[in-house]
Protein chains: 2
Amino acid sequence: MAVSVRGGGTAAEAGTRAEAGAGAGQDAAMCPYRLVLEHVTSRWGVLVLIELLERSYRFAELRRAVGRVSEKGVSEKMLAQTLQTLERDGLVHRDAKPVIPPRVDYSLTGLGREAAEQVRALAEWTRQRMADVEQARQAYDEARAPGARAS
Amino acid sequence: MAVSVRGGGTAAEAGTRAEAGAGAGQDAAMCPYRLVLEHVTSRWGVLVLIELLERSYRFAELRRAVGRVSEKGVSEKMLAQTLQTLERDGLVHRDAKPVIPPRVDYSLTGLGREAAEQVRALAEWTRQRMADVEQARQAYDEARAPGARAS
DNA sequence: CAGCATCCCCGCAGATACTG
DNA sequence: CAGTATCTGCGGGGATGCTG
């Protein structure tokens, strides 16, 4: 099997591949920007962008960094997929050095940095407002708690 | 239905409120704010928040509004699920009027408005930068598939 | 009309094995 | 070390039907 990423498998799979990892594998019939938004807000996309905002990372290094915040880390496959999607969208720059052992550095492009900053802002807002959220949750849960109440 | 963050897809809005008595508390091992972030950045969460930023909506009305931007609309189930999650997180206010036929209005809370504004900013950034993204995509595609069959 | 319950299927995502 | 191809599962999420 050739090295071509999209060579193997069916034609349908080739199309799927590009969107995968970013959580947007459906119809392209929707507004195109929605797709990019899904890539950026995708599960691992968010974390990758935030991490890369600090500095550039190598593959395994990035994987560890993401795993640190997310408890159950990201698989190599999903990380690769996510990075490819973001790279294709022009948000992430991939610098593969032709050495042995291989060394690849990932960093943000100018475009990616803009996106990442938006994402980070959102993430930080969430962190700051966690107290309010948890309070709201308790109120919600208690309001509809079935048990706990003497019948 | 345990709150499985791990296997979950892009949206972590699953889980909802059934964890009250369940013994699934492992998700708490990761930074809790990550969960809220997933709710907010979830597929339909994003769209719902943005729509509600304009004005309050009724259920079916909101469903139509979301379907307008997303081409392939959201099912009632997913919309209800999303709204419940956001309501539990204290981002959305649900106003159920005890009339017949039932009328329920959804609107943003103060907290929700803050989140929604962040999300909208991100969405609008995406819209504005679409040209750059599409350009990057073409470059990426052409670089990796110059002519698969030319051998 | 709002929205929960049930069934079921597709596709995302994880694990594994292999390559350069 | 940095990926890639493949198999499989399992859960997200759509469709349908029922209730208040």
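Keep in mind that what you see is a predicted model, and the values were worked out from it rather than measured.
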- Using whole Å, report how far CG of Leu79(B) lies from C1' of dG12(D). 16 Å
- Message: What's the closest nucleotide to the side chain of Ala80(A) if the choices are dC1(D), dC1(C), dG3(D)?
- Response: dG3(D)
- Message: Does Arg137(A) have more than 12 heavy atoms from other residues, nucleotides or ligands lying within 6.0 Å of its CZ?
- Response: yes
- Looking for any heavy atom pair under 4.0 Å, which part of the strands does Arg94(A) touch: base, sugar-phosphate only, or nothing? sugar-phosphate
- So does Arg58(A) get a side-chain nitrogen or oxygen closer than 4.0 Å to the phosphate oxygens (OP1/OP2) of dC1(D)? no
- Under 4.0 angstrom between Arg103(B) side-chain N/O and dA2(C) OP1 or OP2: no
- Task: Provide, to the nearest angstrom, the distance between the CZ atom belonging to Arg43(B) and the C1' atom belonging to dC12(C).
- Result: 12 Å
- CD of Gln135(B): more than 12 outside heavy atoms within 6.0 angstrom? no
- Where the side chain of Gln84(B) is concerned, which of dA2(C), dT16(C), dG3(C) is the nearest nucleotide? dG3(C)
- Task: For Met78(A) and dG14(C), give me the distance from atom CE to atom P, rounded to whole Å.
- Result: 6 Å
- Starting at NZ of Lys77(B) and ending at P of dT6(C), how long is that distance when rounded to a whole Å? 12 Å
- Can you check the Asp105(B) CG to dG3(C) P distance for me, whole Å? 10 Å
- Task: Give the minimum heavy-atom separation between Ala115(A) and Leu91(A), together with the two atoms involved.
- Result: CB-CD2, 4.4 Å
- Task: Report the distance from atom CD of Gln81(A) to atom C1' of dA15(C), rounded to the nearest whole Å.
- Result: 14 Å
- Item | dG3(C) phosphate, OP1 or OP2, under 4.0 Å from Tyr106(B) side-chain N/O | yes
- Message: Whether Arg55(B) engages the ring of Tyr57(B) as a cation-pi pair (distance to the six-membered ring centre under 6.0 angstrom, angle to the ring normal within 45°) should be assessed.
- Response: yes
- Message: Can you measure Arg63(B) atom CZ to dG3(C) atom P for me and round it to whole angstrom units?
- Response: 12 Å
- In whole angstrom, what separates Phe59(B)'s CZ from dG20(D)'s C1'? 15 Å
- Check for a donor-acceptor pair, side chain of Gln84(A) on one end and backbone N or O of Gln81(A) on the other, with a separation under 3.5 Å. no
- Message: Nearest to the side chain of Pro101(B), heavy atoms from C-beta on, is which of dT4(D), dA2(D), dC1(C)?
- Response: dC1(C)
